[in-house]
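Everything below concerns the one structure shown next.
Computed over heavy atoms, backbone and side chain alike; hydrogens, waters and symmetry mates excluded. Just so you know, residue 1 is the first one in the sequence shown, and it goes up from there. Just so you know, these numbers come straight off a predicted model, no measurement behind them.
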Amino acid sequence: MADYQKIRPVMDVEAAASTKEKGSSSHQQQNPPQRSIPVMHPNPPKKSRSCFCKCFCWTVSILVLLLIILVAIGGILYLVFQPKLPKYLVDSLRIRDLRLNLDLTLYAQFDVKITANNPNKKIGIYYEKGGKLSVWDERAKLCEGFLPKFYQGHQNVTKLDVALTGQTQYGSTLMKAIQEQQQTGRIPLDLKVDAPVAIKLGKLKLRKVKILGQCLLVVDSLSANNKISIKASNCSFNLKL
């Protein structure tokens, strides 16, 4: 009797392996690996307020230091030079002309003699161009003139002759008031000084400042070409930076 041999299908090993790999890859595609997400921490706030405070404190400190240095320099200069204001004295006042014009304005022409005294031992004074001297009554300015340009040395006394002229509105009213005061023998006048000067400390010439002054005078008459007596004089001066 013939023997029958059973034939069994043989599985392809390589195909099975590839099938297994495909299955595993498809499983990986369906379930991708989870990655850890890093936690982001917020940046700490900048110390802007602290920096501002430091800058402010440094600025204030520098300003205070500069102020102390300037005060110290000013104190040293004051002790070394011992500055004093110049003194002025009205020596005489002469009326060359005082009359009413046809248009009823008051025309005045005065000559004023002034003594300027610089009492400083180490300070010179440059009187610059543009200095003015004016005479006023109680109501209006009567006349005005210019101070000469010159240099006044240490402890120097200088005589100045200044010519003043002016024309004022409402001359009839002013003339009537002056005539009434003249009868009493006491006519108040106000002499004003506005002088730009430069101070010389040693060999150093400083920037310009102004000497402002006022002399309250009382005279006995304002008659033209007559000798006028100054009965009272009160002068005050100050320095304007």
Side-chain angles (χ1 to χ4, degrees), residues 59 62-96 108-138 140-168 188-219 228 230 232-241:
T59 303
I62 292 173
L63 291 177
V64 171
L65 181 61
L66 289 176
L67 181 61
I68 293 173
I69 292 173
L70 290 176
V71 171
I73 293 174
I76 293 171
L77 291 177
Y78 182 84
L79 292 175
V80 171
F81 292 98
Q82 296 181 355
K84 299 176 183 177
L85 280 175
K87 299 178 181 179
Y88 302 93
L89 179 65
V90 180
D91 297 325
S92 65
L93 176 66
R94 182 182 178 187
I95 312 299
R96 286 190 173 271
Q109 186 177 358
F110 292 7
D111 286 341
V112 182
K113 290 187 178 182
I114 297 176
T115 298
N117 180 16
N118 177 16
N120 295 283
K121 296 180 179 180
K122 299 179 181 180
I123 298 176
I125 302 174
Y126 288 95
Y127 285 84
E128 303 289 352
K129 185 179 179 181
K132 294 180 180 181
L133 179 67
S134 58
V135 174
W136 298 64
D137 80 336
E138 295 176 340
K141 180 169 66 174
L142 299 177
C143 51
E144 183 180 71
F146 291 96
L147 296 171
K149 180 181 177 181
F150 68 99
Y151 171 73
Q152 189 174 29
H154 312 151
Q155 293 184 316
N156 177 265
V157 177
T158 303
K159 301 284 186 178
L160 301 175
D161 293 334
V162 185
L164 293 79
T165 58
Q167 193 165 315
T168 310
L189 295 176
D190 188 359
L191 190 146
K192 296 181 180 181
V193 177
D194 185 350
V197 299
I199 307 301
K200 183 181 180 184
L201 299 178
K203 295 184 178 180
L204 180 63
K205 183 179 179 181
L206 304 182
R207 69 181 186 89
K208 288 183 182 180
V209 295
K210 275 191 174 184
I211 294 178
L212 301 177
Q214 184 178 32
C215 287
L216 300 177
L217 307 176
V218 177
V219 299
I228 296 174
I230 300 176
S233 176
N234 183 17
C235 298
S236 62
F237 297 89
N238 58 76
L239 199 66
K240 182 180 179 182
L241 301 179

inquiry  = Treating Asn118 as the side-chain partner and Asn120 as the backbone partner, does any N or O pair qualify as donor plus acceptor under 3.5 Å?
reply    = yes
query = Any donor and acceptor pair, going by atom type alone, linking the side chain of Ser233 with main-chain N or O of Cys215 inside 3.5 Å?
reply = no
Separation of [Y] [atom2] from [X] [atom1] (nearest 0.5 Å):
X: Thr158; Y: Tyr127; atom1: OG1; atom2: OH; result: 7.5 Å
X: Leu70; Y: Leu65; atom1: CG; atom2: CG; result: 9.5 Å
X: Leu239; Y: Lys210; atom1: CG; atom2: NZ; result: 12.0 Å
X: Leu142; Y: Leu164; atom1: CG; atom2: CG; result: 10.0 Å
X: Ile114; Y: Leu147; atom1: CD1; atom2: CG; result: 6.5 Å
X: Leu133; Y: Cys143; atom1: CG; atom2: SG; result: 8.5 Å

Heavy-atom side-chain proximity of [X] to [Y] below 4.5 angstrom:
X: Glu144; Y: Lys132; value: yes
X: Lys141; Y: Trp136; value: yes
X: Leu67; Y: Leu63; value: no

ask   = Which pair of heavy atoms, one from Ala140 and one from Thr168, lies closest together, and at what distance?
value = CB-CG2, 3.7 Å
query = So which heavy atom on Gln155 is nearest to which on Pro119, and how close?
reply = CG-O, 3.7 Å
key: By side chain to side chain contact (heavy atoms under 4.5 Å, CB included) - contacts of Asp91 (at least two apart)   = Leu89, Lys113, Thr115, Lys159
Ring pair (Phe, Tyr, Trp, His ring centres under 6.0 Å) involving Phe237 - partner list, sequence neighbours excluded = Tyr88
Please table the atom pairs, donor to acceptor, closer than 3.5 Å between any side-chain atom in residues 189-209 and protein atoms at least two apart or in another chain.
| unit_1 | atom_1 | unit_2 | atom_2 | d |
| --- | --- | --- | --- | --- |
| Asp190 | OD1 | Gln214 | NE2 | 3.3 |
| Asp190 | OD2 | Gln214 | NE2 | 2.7 |
| Lys205 | NZ | Glu128 | OE2 | 3.4 |

